[in-house]
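Heads up, the thing below is written out as structure tokens.
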Amino acid sequence: MSVGVERVVKFLRDNDNYCILCHKNLDGDTLGGAYALFYALLEIGKKSKVQVMGKEHMEKFDFLYPKSGCELSFDVENFITVDVADLMLLDENFRDKAFSLCIDHHDSNKIPARLKFVDHERAAACELIYLILKELGVNLNKNILNCLYTGICTDTGCFKFSNVTPLTHKIAAELIEKGADFSSINFYMFDNKTRARLQLEKEIISNLEYYFNGRCALVFVTQQIINNVNATKEDCADIAYIPACVHGVCVAITAKQEQEYCYKISVRARNGYSANIFCRRFGGGGHEAAAGCMVNGNIGLVREKLICALKEEFLF
Ligand SMILES: [Mn+2]
């Protein structure tokens, strides 16, 4: 059961010393949402810090971080998760914390928090953060504007995914009106690419496999491919959209090798096919249009498992 936004604001006003947790596989929504909340708490005189999992770092998100000096030292009293659907998306040493507040937009949310502000109809956790900050009545300064805009544009694929609602555009319009650097943010989030990334895209395109009259596309991205083109972890982000943009493809699967016999599967689906339902067969999940799971085996076995599941689930 989700609480109302007034309850969230009461909690934030009545307490202090927050640690805001982002999810693993850092993205613009979890980081932008966490820092928007951080900057807002700073505005109302509360102490907080943002905790990124492991040593995850993506250069393109560097502008979201505060300039040194506004990080205060304090003993954490309250843990808040932003955009985190599952405890497995937190580092082990954070999984057993008592979570005071969970802010999320995943249908599959399983975080055992005292207060849950969860709405799967919101395109991004940053939409929920926006609603909280409006209710809190803080001035949306430049840092907050850019953080919220980044979360919303990245989680909606630049306002193109089916999760976009009229509210998404209304919020974005207000952020732009107040001075969010939308044009530069969109360029760095979507158009600017390293040479290694372009080489990786070339490899992905040449390794695409098509099934079921071209309704499914599948690609294996092995460690060998990644090493050959010298791609960093950041270069490998968001590759799942590539097979999904092929004409006629309704279900697109990207299988990225994590270990010798373990593949991280990212599914993109359209036209009534559910990526979430497909991934749940393998113990994963996500949204209707985008979901993920892990599948073990060598390439041959993983391919067989995926194709078999496609047949069973979607009656191809
Ligand atoms: Mn999100």
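Atom set for the values below is all heavy atoms of this structure, side chains included, hydrogens, waters and symmetry mates excluded. Just follow the structure's listing: the first ligand is 1, and inside any ligand the first atom is 1.
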Open item on the list: Tell me whether Glu6 is salt-bridged to Lys10, with the criterion being a basic N under 4.0 Å from an acidic carboxylate O.
Closed with: no
TODO: Using distance alone, with no hydrogens and no angle criterion, decide if His287 and His106 have a side-chain donor and acceptor under 3.5 Å apart.
DONE: yes
- [ ] Please calculate the OD2(Asp155)-the Mn ion (ligand 1)-NE2(His105) angle and round it to 10 degrees.
- [x] 90°
- [ ] Could you tell me the angle subtended at the Mn ion (ligand 1) by OD2 of Asp29 and OD2 of Asp83, rounded to 10°?
- [x] 90°
Task: Short side-chain donor-acceptor distance under 3.5 Å, Glu77 and Asn15 - done: no
- [ ] Return yes when at least one N/O/S atom of His106 is nearer than 2.8 Å to the Mn ion (ligand 1), and no when none is.
- [x] no
Task: Donor-acceptor side-chain pairing of His105 and Asp83 below 3.5 angstrom - done: yes
